[in-house]
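Computed from a predicted structure; not experimentally measured.
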Amino acid sequence: MAQPIEDYAVIGDLQTAALVGRDGSIDWLCLPRFDSGACFAALLGDRDNGHWTLAPAPDEGTENTTSTDGTDGTDGTDDGDEGDGVPARCASRSYLPDTLILETVWETATGSVRVYDFMPQRDRTPDVMRIVEGVTGHVSMRSVLRLRFDYGHVVPWMRRCDGHRVAVAGPDSVWLRSVPEVHTYGQDFSTRSEFTVAAGERVAFVLTWHPSHESQPDLVDPYEALEQSREDWQEWAAKCTYQGPYREAVMRSLITLKGLTYAPTGGIVAAPTTSLPEELGGVRNWDYRYCWLRDSTLALSALVRTGYIEEAGAWRDWLLRAVAGDPADLQIMYGLGGERRLPEAELDWLAGYAGSAPVRIGNAAVHQLQLDIYGEVIDSLALARSFGLRNKPTAWSLQNAFLEFLESRWREPDEGLWEVRGPRRHFVHSKVMAWVAADRAVRTMERDPSLPGDPDRWRAMRDEVHREVCEKGFDAERNTFTQSYGSPELDAATLLIPRVGFLPPHDPRVVGTVDAVREELCEDGLLLRYSTDGTSVDGLPGTEAPFLVCSFWLADALYLIGRTEEATALFERLLSLRNDVGLLAEEYDVHRGRQLGNFPQAFSHIGLVGTALALSGRATAD
């Protein structure tokens, strides 16, 4: 079984990412892109579904002495994990300052070592590099590489070539070498090596994916790549303009968001994983390795407010390509390059994280109608413009097209922010974001009267949406906005009403909503998205844990209505839920004290940055 979600750290090269556990095992890696098939899928199954463990060798007596020649073929007969042993967990780990380079320190009875895990930013082929460096004494190390292509399903054919171990299956090949070269052998369908590192010595492993029909990939010096990667990340981090409180947490979240960016196109994935459950043993397991417009626009907001205008431009250009065509065909998510077809399928050979099946790839929610995304896109483009992003005529034309579509459709029910798989409803948040779309368009044209369009038309739409939401989406008896028209249910998304400017923070309806949501949706002080009892609107069985971004929204709302001490206390509690390297998943199980959901989750880190900016005195709405 995979280790707790919070025991993982992420490394990446701005095109894909890997999860590295505290036991030194890489249990998840998709090559060559975030949305490619995984070659390490132990995270969603067991070690026979692929992993790469590099750690001090287990104590004598725990090793399996089965021998095979390991010269070619499939490296012997598969006995699962027999012979892998269970090494001690690391003594400590952290990222090198302002980088995505993971440093893990191991201490043993004979000495100590540090291991650097990283993926250099690349032009074409992805490399995973693991450098072992002796610190004191001497340490016996073991590497166990078990490659399984197609999400842990396909055992590759292994061969030797020019100092490499080469795994090939279909279109994929992976090349493994070490510097200096250490002996490798095959056992239990895995490639293994044992070696000893003394103080001051270094051994590096380089794993490179390459199309199987092409010749050997170019060699990269891993020690030079380490220094170059450090420089690349620290140069990027130095551009951050935020110097307020909690800067370390903000910077780690920004680096995480950058790490979730697909550099060739500018798209931003919601998470690098699929099917990490919202409930252990449950079925709420979804594929997040795509570019949600909502998540991407909110990530853009976090980045642009902290000085990263270049990222805003890259995302804007990705958006213009992805959504080109009829606004009625706008999807809530796209592939990394703007692909529209993301068919959902279940992988029945994977048991799921902690037995949480099914494991899904693709996402059927791509076909949903979510009217709020039009407002979020227009809001983000207006924000980027206000921070100096140069206008493109096509961008303003796109916004006008969105508005014309929204003008004719905002009165309809939709699936809403939370992608419910039950009947469509008139979600209050969706209507509020329709108001945001019209409001931002009006304000943009007021600032720049030369822009083509009819501001009076959008003012009329803005006013009509506002009247309807206040009439149909507000429960006067309970003094709170509800999840949808005519429903008694509440929704954490209504906490965004003051943040987007729909009503001023001290409006009694806003204060009442904050109090009601806090009372009815809190679980041990953290916020659920909505109720998942028998009346749940999402059409799914089971429950889920508190959704972390909602608790950040609550902290924002508390701050905006003047309860700064409560906001600060909640924010600092949320910071304490990060794992040891500063990462957050989607949800937090307060009963088990564990992170749940896909990891690391862009939405959670976006919330962290937004609340830090609010508490520092920076406005959270345009």
Side-chain angles (χ1 to χ4, degrees), residues 1-10 16-23 25-31 34-53 78 80-81 84 146-155 269-290 342-365 419 421 532 536 538-548 579 583-589 591-601 604:
M1 174 179 164
Q3 52 202 302
I5 291 170
E6 60 270 18
D7 276 7
Y8 287 98
V10 68
T16 191
L19 295 191
V20 186
R22 290 183 63 89
D23 61 354
S25 181
I26 299 178
D27 287 346
W28 181 255
L29 174 62
C30 299
L31 292 173
F34 289 107
D35 57 354
S36 300
C39 63
F40 300 142
L43 181 71
L44 299 179
D46 58 33
R47 293 205 163 185
D48 190 45
N49 297 120
H51 71 102
W52 183 11
T53 300
D78 194 355
D81 275 336
D84 284 8
R146 183 175 278 116
L147 286 158
R148 297 292 184 269
F149 294 117
D150 191 27
Y151 300 99
H153 191 235
V154 176
V155 180
V269 298
T273 56
T274 179
S275 300
L276 290 180
E278 298 173 10
E279 176 189 22
L280 291 178
V283 300
R284 297 167 180 259
N285 316 319
W286 314 110
D287 193 345
Y288 278 11
R289 299 170 301 148
Y290 305 112
L342 310 174
E344 187 173 302
E346 297 181 3
L347 308 183
D348 57 9
W349 61 86
L350 290 172
Y353 179 87
S356 305
V359 170
R360 296 182 174 95
I361 58 170
N363 201 310
E419 298 173 7
R421 299 202 176 195
T532 54
S536 174
D538 61 20
L540 295 168
T543 62
E544 64 181 33
F547 206 76
L548 288 172
N579 72 357
L583 301 180
L584 289 169
E586 184 177 27
E587 300 181 357
Y588 189 81
D589 185 334
H591 304 295
R592 292 184 173 91
R594 290 186 56 177
Q595 296 194 30
L596 290 176
N598 284 300
F599 173 90
Q601 175 76 4
S604 299

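- Looking at Tyr353 and Leu280, their side chains come closer than 4.5 Å, going by heavy atoms from C-beta outward.
- Cys39 approaches Leu31 most closely through the heavy-atom pair SG-CD1, 3.8 Å.
- In this structure, NE2 on His51 lies 13.0 Å from CG on Leu43, to the nearest 0.5 angstrom.
- Although no hydrogens or angles enter the test, the distance criterion places no donor-acceptor pair under 3.5 Å between the side chain of Trp286 and the main chain of Glu278.
- When all heavy atoms are compared, the tightest approach of Leu350 to Ala41 is CD2-O, 4.3 Å.
- For the pair Leu596/Glu544, no side-chain contact is recorded, criterion being any heavy-atom separation below 4.5 Å from C-beta on.
- Under 3.5 Å, the side chains of Tyr290 and Asn363 contain no donor-acceptor pair of N or O atoms.
- In terms of modelled atom types and a separation under 3.5 Å, the side chain of Glu6 and the main chain of Gln595 share a donor-acceptor contact.
- Using a cut-off of 4.0 Å between Lys/Arg side-chain N and Asp/Glu carboxylate O, Arg360 and Glu344 are scored as salt-bridged.
- Annotation: side chain of Glu586 is in contact with side chain of Tyr288 (closest heavy-atom distance under 4.5 Å).
- A distance-only check finds no donor-acceptor pair linking the side chain of Arg146 to the backbone of Thr53 [under 3.5 Å].
- Looking only at side-chain heavy atoms (C-beta outward), Tyr8 and Thr273 stay at 4.5 Å or farther from each other.
- Judged by distance alone, the side chain of Asp589 and the main-chain N or O of Arg592 form a donor-acceptor pair under 3.5 Å.
- For the atom pair His153 NE2 and Asp348 CG, the distance stands at 7.5 Å (nearest 0.5 Å).
- A donor-acceptor distance shorter than 3.5 angstrom exists from the side chain of Trp349 to the backbone of Tyr151, with no hydrogens or angles considered.
- Heavy-atom minimum distance, Ile361 versus Asp287: CA-OD2, 3.2 Å.
- With contacts defined as side-chain heavy-atom distances shorter than 4.5 Å, the pair Pro277/Asn285 qualifies.
- Side-chain atoms of Ser25 and Asp23 form no donor-acceptor pair, as typed in the model, at a separation below 3.5 Å.
- When side chains are defined from C-beta on, Phe40 counts as touching Leu147, because their heavy atoms get closer than 4.5 Å.
- For the pair Arg148/Val155, a side-chain contact is recorded, criterion being any heavy-atom separation below 4.5 Å from C-beta on.
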Exercise. Going through the checks in order, is the side-chain contact (heavy atoms from CB on, under 4.5 Å) test met by Trp28 and Thr274?
Worked result: CA-CA 10 Å; Trp28 181 255; Thr274 179; 3.8 Å; yes
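- Minimum interatomic distance between Ala18 and Leu29 (heavy atoms only, all atoms of both residues): CB-CD1, 3.8 Å.
- How far CG of Leu276 is from CD of Glu587: 11.0 Å, rounded to the nearest 0.5 Å.
- The two residues Val359 and Leu44 come nearest to each other via the heavy atoms CG1-CD1, 3.8 Å.
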For this session: Decide side-chain contact (heavy atoms from CB on, under 4.5 Å) for Phe599 and Asn579; before the verdict, give the C-alpha distance in whole Å, the side-chain angles of both, and the deciding distance to 0.1 Å.
Result: CA-CA 11 Å; Phe599 173 90; Asn579 72 357; 3.7 Å; yes
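- The shortest side-chain heavy-atom distance between Asp27 and Leu19 does not fall under the 4.5 Å cut-off.
- In terms of heavy-atom proximity, Ser604 sits nearest to Leu584 at CB-CB, 3.9 Å.
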